[in-house]
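Residue numbers start from 1 in every chain, and the chains themselves are labelled A, B, ... in the order their sequence lines are given, proteins ahead of strands. Only this structure's heavy atoms are used, side chains among them; waters, hydrogens and symmetry mates stay out.
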Amino acid sequence: MAKITQDQKDYQELVKNSKPKPPYLKNLVMAFLVGGLICVIGQLILNFYISLGLESTKEAPSATSATLVFLGAFLTGLGVYDKIGKRAGAGSIVPITGFANSIVAPAMEFKSEGYVFGVAAKMFVVAGPVLVYGIASSALIGLIYYVVKF
Amino acid sequence: MIDYIMAFLVGGLICAVGQILMDFTPLSPAHILVVFVTLGAILSGLGLYQPLIDLAGAGASVPLPGFGHTLVKGVMEEVNKSGALGILTGGLKATAAGITAAIVFGYIMALIFNPKPK
Amino acid sequence: MAVKKLGAQTVKFQNPPSIIATATVVGPVEGKGPLRNYFDLILGDFKFQEKSWEKAEKKMLKEAVEMAVKKSGVPSDKIEYFIAGDLLNQIISASFAARELGYPFLGIYGACSTVAEGLGIGAMLVDGGYADNIVVGTSSHFCSAERQYRFPLELGNQRPPTAQRTVTGAGAAVISTKNQNPRITYVTTGKVIDMGAVDPNDMGSAMAPAAVDTIVMHLEDSKRTPEDYDLIVTGDLASVGKDIAQKLMLQKGIDVSNKYTDCGLLIYSPEQDVHAGGSGCACAAVVTFGYIFNEMQKGRYNKILIVATGALMNSTIVQQGETIPCIAHAVALENL
C-alpha cells in the first residue's frame, strides 16, 4: 500500500466531518425489533416441532434451522428479503434466515453464467467465509477440548 | 409466553450488537458474520453459550453465534463419543440439516426465481 | 510546437468542433426522474428484451449511438471513429456495441469520467484534422455494475447514506467539423488524484478532489474565471461529494456556489430512494447529452463546463488495501 501522506490524512478528516451519518438510532431499533421478531418466529417453529414430539435439544432445533433457512431462501426468491434487509440491517443479516439470503442471492444473480460456474460456484461467495470460520474454529476448539480432556 | 419474550429480547439484542458493529466500525456485514460465528464457537467452548440457549431458546440459536455454538457442541459431543475423530466429524453432523437445507433450497430458489432490480 | 496547448493540461481548439446531435437511453428509474422529458428513449424494464444485464447495457449503448448518428444526418459510412467506454470488465459494452456498429473503434476507460474523455479525444481528432465526423458514447447499468462492484441484487444489506445509485442508461454524441452550436472549445485533461479514500460506498468524497484539481487547472490554463461560465457541472459527485468539492474550491478562493451543480443530483429527485445521488458512466453522459445539450440548443445556457469524474478502481485492488485513485476531465461547451 502506498504510504498515506499528511494531505491525504487531512482530507480524510474533512470527509469524516462532512459525511452524512447513518440514522444510528433508527437502525438500532429496527435491527432489534426485526431480529427479535425473527427469533420469536424461530421459537414458534421450535415449539411447534417439540409439540409434534421431536426431541427438544437436537431434532427440533435442526428442523427449526432447516425451516428458517427455507423461509429465508423463499423470501429471497420472491424479492422480499432485500427489502426487509434495507430497513432491518443486522436484524435480518444476523439470524440464520440472513445466511440463507446470502446463499440464494448470488445463486440467483449469477444464473446468467450457467448452472456450474454461475449458480453453484457463486452460491457461497458471501456465506462461504461463515462456514470456513465456523467449522475451522469448532474443529480447533474440539482439538483443545480433546487435549484437555484426554 | 415467557420463552417468546426471552427469545425476542435476546435475539433482538444480538442483532442490535451486529448493527452497532455495522454502523460504527468499518467492518462489512461479511466480516461481522464471521466474527459472530467465531465468537459463538469460542463462547460455546468456554461453556458460556449453552446457558444463553437455556435462557432464550431460539433467541440464542437463530442468530449466527448459535450456529457457531451448534458446531462446537457437536464437536464436543462427538469427541466424547468417538475420540479424536469427533474433532472432524462432530461439527458438520450437528449442523447438517441447516447446511444441506441452505444448499438444496438455495439451488431450487435459484432455478425458480430471478433477481428483480429495484 | 503544440500551438493549441494552453498551460499544463488544457487544449484550446482553433476551429471548435461541434456537437451536431446527441441521443440518450435511460432505465425506468431515471425515466421517473426530473429530467425524463430530455431523454430520447426510456426503457420500461431493466432487461431491454435481452437475457442479461450486460447484454441490455450493450444494447442501450448501440441504440443511443444509432439514434445519435441518425439524428445527425451523417451517413453511417462517414462516421470515422467510434470512441466509447464503460464500467464493465474489459469495457465489453463498448466493444460489443462496436462489434455490431461496424465503425472504426477506439475503446477508452475513464470509469464515470468516460464521457468527457471521449468528447476530449474526439474533439482533438476533429480539430486536428484527422476526422470530420466522430461518434462518442458511453453506458452503465445499475444491475451489471452492482454485481461487478458490489453485491447480488437480492442480498439484504443496508446501504449507507453516502452510497450512490449507478445510472442505467447510455448516451452518444456526434462530433463534427460542421458549423453548428454548441461547440467544444476547451478540454482539460485531469491527473490521477488519490486522497486516500478507502470506502467503496463513498465515491463522491473520493472523487471530489480530482474534480477540484481539474477545475483549478482549467481556470488557470485558460485564464478564465467561474464568471465566464453559466454553469459548472461535475459528473457524479452526488450530494456528499458536491458539498466537499464546493468546500475545497472555497479554500482555494474559487466561489462557484451560484453556478455549480452535479449530474448525480440532477438525474434523480430527492424523493427517489437513491441515497446520495446518481453515479456511473451514464450519469454524466445522459445529463450532458440529454438535459445540457438541449438547453444549450435552446439558448438557455451558452457556456458550460462539464467536469466528469471517475473512480479508477476495481474490487480486487480495494480488497488488497489500496486507496482509490480518481480522475476528472473538463470539457467546455459553448454557443459561439
Do other residues, nucleotides or ligands put more than 12 heavy atoms under 6.0 Å from the CZ atom of A:F117?
no
For each of C:D243, C:V240, C:L153, tally heavy-atom pairs with chain A at distances under 4.5 Å, and name the one with the top tally.
C:L153
Which heavy atom in A:N27 sits nearest to a heavy atom in C:Q158, and how many Å separate them?
OD1-NE2, 3.6 Å
Can you tell me which of C:P160, C:A197, C:S205, C:A206 forms the most heavy-atom pairs within a distance under 4.5 Å of chain A?
C:S205
Given a strict heavy-atom distance threshold of 4.5 Å, which part of C:D194 is in contact with chain A: side chain, backbone, both, or neither?
both
Using non-hydrogen atoms and a 4.5 Å limit, figure out which bit of A:K21 sits close to chain C: side chain, backbone, both or neither.
backbone
Below 4.0 angstrom, N of the basic side chain to O of the carboxylate: do C:D199 and A:K16 qualify?
no
Might you work through the side chain to side chain contact (heavy atoms under 4.5 Å, CB included) test for C:R147 and A:E113, ending with a clear yes or no?
CA-CA 12 Å; C:R147 76 203 301 238; A:E113 281 72 54; 2.7 Å; yes
Taking side chain as everything from C-beta outward and backbone as N, CA, C, O, which of these in A:A88 sits under 4.5 Å from a heavy atom of chain C? Side chain, backbone, both or neither.
backbone
A:R87, CZ: over 12 other non-hydrogen atoms inside 6.0 angstrom:
no
Which region of A:L14, side chain (C-beta onward) or backbone (N, CA, C, O), has a non-hydrogen atom less than 4.5 Å from a non-hydrogen atom of chain C, or is it both or neither?
side chain
Criterion side chain to side chain contact (heavy atoms under 4.5 Å, CB included) on A:K86 and C:D273, from CA distance to verdict:
CA-CA 11 Å; A:K86 206 170 127 49; C:D273 181 24; 2.4 Å; yes
Above 12 or not: heavy atoms from other molecules or residues under 6.0 Å from NZ of A:K58?
no
Nearest heavy-atom pair of A:S112 and C:S52: which atoms, and what distance?
CB-CB, 4.3 Å
Min side-chain heavy-atom separation C:L155-A:N101 under 4.5 Å:
yes
CZ of A:F74: more than 12 outside heavy atoms within 6.0 angstrom?
no
Take a 6.0 Å sphere around OH of A:Y133 and say whether it holds more than 12 heavy atoms from other residues, nucleotides or ligands.
no
Show the nearest heavy-atom pair for residues A:S92 and C:G156, with the distance to one decimal.
OG-O, 4.5 Å
Are C:K247 and A:S18 packed together at the side-chain level, in the sense that at least one heavy-atom pair is separated by less than 4.5 angstrom?
yes
Please look at C:I244 and chain A and tell me whether the side chain, the backbone, both or neither of the residue comes under 4.5 angstrom of a heavy atom of that chain.
side chain
For each of C:E154, C:E146, C:K51, tally heavy-atom pairs with chain A at distances under 4.5 Å, and name the one with the top tally.
C:E154
